[in-house]
Amino acid sequence: MAESHPRPHAILFPYPYQGHITPTVDLAVNLASRAFTITYVQLEFVHHAISKAHDGVGDVDFFVEARKSGLDIRYTTMSDGFSLEFDRDLNLSEYWEGMMRDFPARVDELVGSIMRSDASAAAFYLVADTLYTWPAAVAKNHNVVNVSLWTAAATWFSINYHLDLLIENGHLPYRGNGDNCINYIPGVRSISSKDLMSYMQDPDAVPVLMKIVVKAFEQVKNADFILCNTVQELEPECLSALNLKQPTYAIGPMNFSSDFTKMNVEKSLWAESDCTQWLNSKPPASVLYISFGSIVQINKKEIVEIAHGLLLSHVNFIWILRTTDALPVGFQDDVKERGLIVPWCNQNTVLSSPAVGGFLTHCGWNSVLESMWSGVPMICYPFYVDQPTNRKLVVDDWKIGIDLCDGGRVTSEGVASKINMLMRGKSSIDLREEIKKVSKILRNAFETDGSSQRNFDQFVDDLRVGLYSRREEIGSIK
Ligand code: UDP
């Protein structure tokens, strides 16, 4: 490293899921490009999974390339207190109960030791995923600036932020109050209670989720800065309302921020199949891409209905399925000319292919952003957590997608008819017109004076100078 003057040092703690890891890696590279020292803390089981996915590479270190280009990004791993073999998805509640109870002490110790090892740092910053339940306590203990990283929609953030209002207005606890309209959350466009997050609608399904949200959003109120993986023009009222409370910066979509795209960073938890050649053999806008993200476990019945729907629709498709066991007998033979089924791919590469004309998605936030970026309209099939809320944004507010089955049962005829609506005819043209506009908004956000670029510059300036004075100014900014 040529420079010798003290650098600010940011310690990053991503949440251990693909949809959180990707934007955190991008943030690491972008901060390092602004002369920050970065320590990226990876959980050992994630490190292990990614290393396994990139077979032959050995122990993966995301930032080898970045370091070669002169960036000071350190990569370290830590245990989450569970064995590598422990199935964290199958035992979600046990895992997160344990993480809430025992993990904060480990983090606290690690932050202390990272700080001791870099005595010349100009300042330290804790940058942790908002969904962790300990950042404010750890930041306070070490007297460091606390940056909360929210990797999803500002709308979801705002609803969590105002749990008190939901309780006051009788929408929490949820009483199956159907189509009740929630129009009192600052900056959030009127939303039906059926579009609330799944852990509010059905708190008993996975009780730990609501516990995490309650605790995490108590903590976030003590954050010095909040970064949000959205775009100001997409959720302007919501971001303005949040900015009245705490300094909040919309800097998304983070995986398209300029510095990242130049860097080759292997960050997939699964090995990627290359679909390029197959896609190149298909006509423009003729392929439906189907993926339900990294967490959703779709059941056999749903797989069978979608498969039959695909048969009826005669569309070309790529379907991301971790196992083909549940597919109807003979299905793969029937579709071998027009269907490609792979366990994982580089989603951005696929979505950016001119052959792709639609995306059947679970509405994970990253998938929504990536689809918007590439101008690919969506069929929405949300499962849980924030997915129902993202569906509302995509279908009702932005009009760039359609529902698969409006909360009802998925049927093969329904699937075929929605595929036809998305890929062919008048409705398809309208959706494409709308998403083209949204795609432009996202891309403009990274132009020299685009909103995400500007907000990121402002955030870095605010980190460096006048840290706390900005909090006092709130109300008069942006
Ligand atoms: N993804 C991918 N390959 C696939 C399927 C998904 O790279 O075959 C990526 C996708 O690009 C996105 C992430 O996995 O960045 C999924 O995040 P999202 O928020 O959409 O859903 P989640 O997995 O959190 O439910």
Side-chain angles (χ1 to χ4, degrees), residues 14-27 46 49-50 53-54 60 62 88-89 92 96 129-131 149-157 197-199 206 209 212 228-230 252-257 260-261 264-276 278-279 287-298 317-324 339-353 356 359-374 376 378-391 393-394 401 442:
Y15 222 51
Y17 294 103
Q18 186 74 66
H20 297 249
I21 291 167
T22 307
T24 314
V25 170
D26 302 322
L27 179 63
V46 176
I50 293 174
H54 300 279
V60 161
F62 285 161
R88 290 159 180 79
D89 294 331
L92 192 79
W96 282 104
D129 196 288
T130 307
L131 283 173
L149 173 60
W150 181 250
T151 60
T155 300
W156 180 24
F157 185 100
M197 289 65 85
S198 64
Y199 52 81
V206 194
L209 292 182
I212 290 173
C228 197
N229 189 20
T230 188
M254 286 158 67
N255 53 344
F256 297 106
S257 48
F260 156 73
T261 39
N264 178 21
V265 183
E266 303 285 10
K267 54 197 171 178
S268 254
L269 284 159
W270 297 274
E272 290 168 356
S273 304
D274 188 354
C275 308
T276 316
W278 187 90
L279 279 167
V287 176
L288 177 73
Y289 171 66
I290 309 164
S291 163
F292 304 114
S294 61
I295 305 165
V296 164
Q297 310 260 351
I298 180 167
F317 65 91
I318 293 181
W319 191 352
I320 305 301
L321 263 184
R322 228 82 83 234
T323 155
T324 53
L340 184 64
I341 301 170
V342 293
W344 194 256
C345 69
N346 185 320
Q347 183 163 297
N348 280 319
T349 307
V350 169
L351 286 173
S352 64
S353 161
V356 172
F359 184 4
L360 170 50
T361 172
H362 70 310
C363 298
W365 183 245
N366 292 282
S367 294
V368 168
L369 285 178
E370 290 160 15
S371 208
M372 293 196 289
W373 181 271
S374 293
V376 176
M378 289 163 261
I379 302 177
C380 295
Y381 189 32
F383 289 75
Y384 39 62
V385 192
D386 58 326
Q387 297 153 21
T389 316
N390 297 338
R391 180 219 66 80
L393 295 173
V394 168
L442 264 64

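Just so you know, ligand 1 is whichever comes first in the structure, and atom 1 is the first atom listed for that ligand. Keep in mind that this is a model prediction, so the values were computed, not measured.
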Identify, with sequence neighbours excluded, every residue that meets side chain to side chain contact (heavy atoms under 4.5 Å, CB included) alongside Ile295. Tyr17, Tyr384
Shortest protein contact, [atom] (heavy atom only):
{"atom": "atom 11 (O) of ligand 1", "answer": "Glu370 OE1, 2.5 Å"}
{"atom": "atom 23 (O) of ligand 1", "answer": "Ser294 OG, 2.4 Å"}
{"atom": "atom 7 (O) of ligand 1", "answer": "Cys345 O, 3.3 Å"}
{"atom": "atom 25 (O) of ligand 1", "answer": "His362 NE2, 2.9 Å"}

Looking at ligand 1, would Ile320 count as a contact under a 4.0 Å heavy-atom criterion? yes
Using heavy-atom distances, let me know which of [options] sits nearest [atom].
{"atom": "atom 19 (O) of ligand 1", "options": "Asn366, Thr22, Asn229", "answer": "Asn366"}
{"atom": "atom 5 (C) of ligand 1", "options": "Trp344, Phe383, Tyr17", "answer": "Trp344"}
{"atom": "atom 16 (C) of ligand 1", "options": "Ser367, Gly364, Cys275", "answer": "Ser367"}

By number and element, which atoms of ligand 1 are closer than 4.0 Å to a non-hydrogen atom of [X]?
{"X": "Gly293", "result": "23 (O)"}
{"X": "Ser291", "result": "5 (C)"}
{"X": "Tyr289", "result": "4 (C), 5 (C), 8 (O)"}

Show, in sequence, the C-alpha distance, side-chain angles and deciding distance for Phe256 and Glu370, and conclude whether the side chain to side chain contact (heavy atoms under 4.5 Å, CB included) test is met. CA-CA 9 Å; Phe256 297 106; Glu370 290 160 15; 4.0 Å; yes
Whether the Gln387 and Ser198 side chains hold a donor-acceptor pair (N or O, under 3.5 Å, no angle test) is what I'd like checked. no
Please check if any side-chain donor atom of Gln18 sits under 3.5 Å from a side-chain acceptor atom of Thr22, or the reverse. yes
In Å, rounded to the nearest 0.5 Å, how long is the span from CD1 of Ile379 to CG of Leu288? 5.5 Å
What's the separation between atom CG in Leu369 and atom CG in Leu351, rounded to the nearest 0.5 Å? 11.5 Å
Please work out, at 4.0 Å between heavy atoms, whether the side chain, the backbone, both, or neither of Gln18 comes within that distance of ligand 1. side chain
Classify the angle between the aromatic ring planes of Phe292 and Tyr381 as parallel (below 30°), tilted (30 to 60°) or perpendicular (above 60°). perpendicular
Using ring centroids (six-membered ring only for Trp), state whether Phe157 and Trp365 fall under 6.0 Å. no
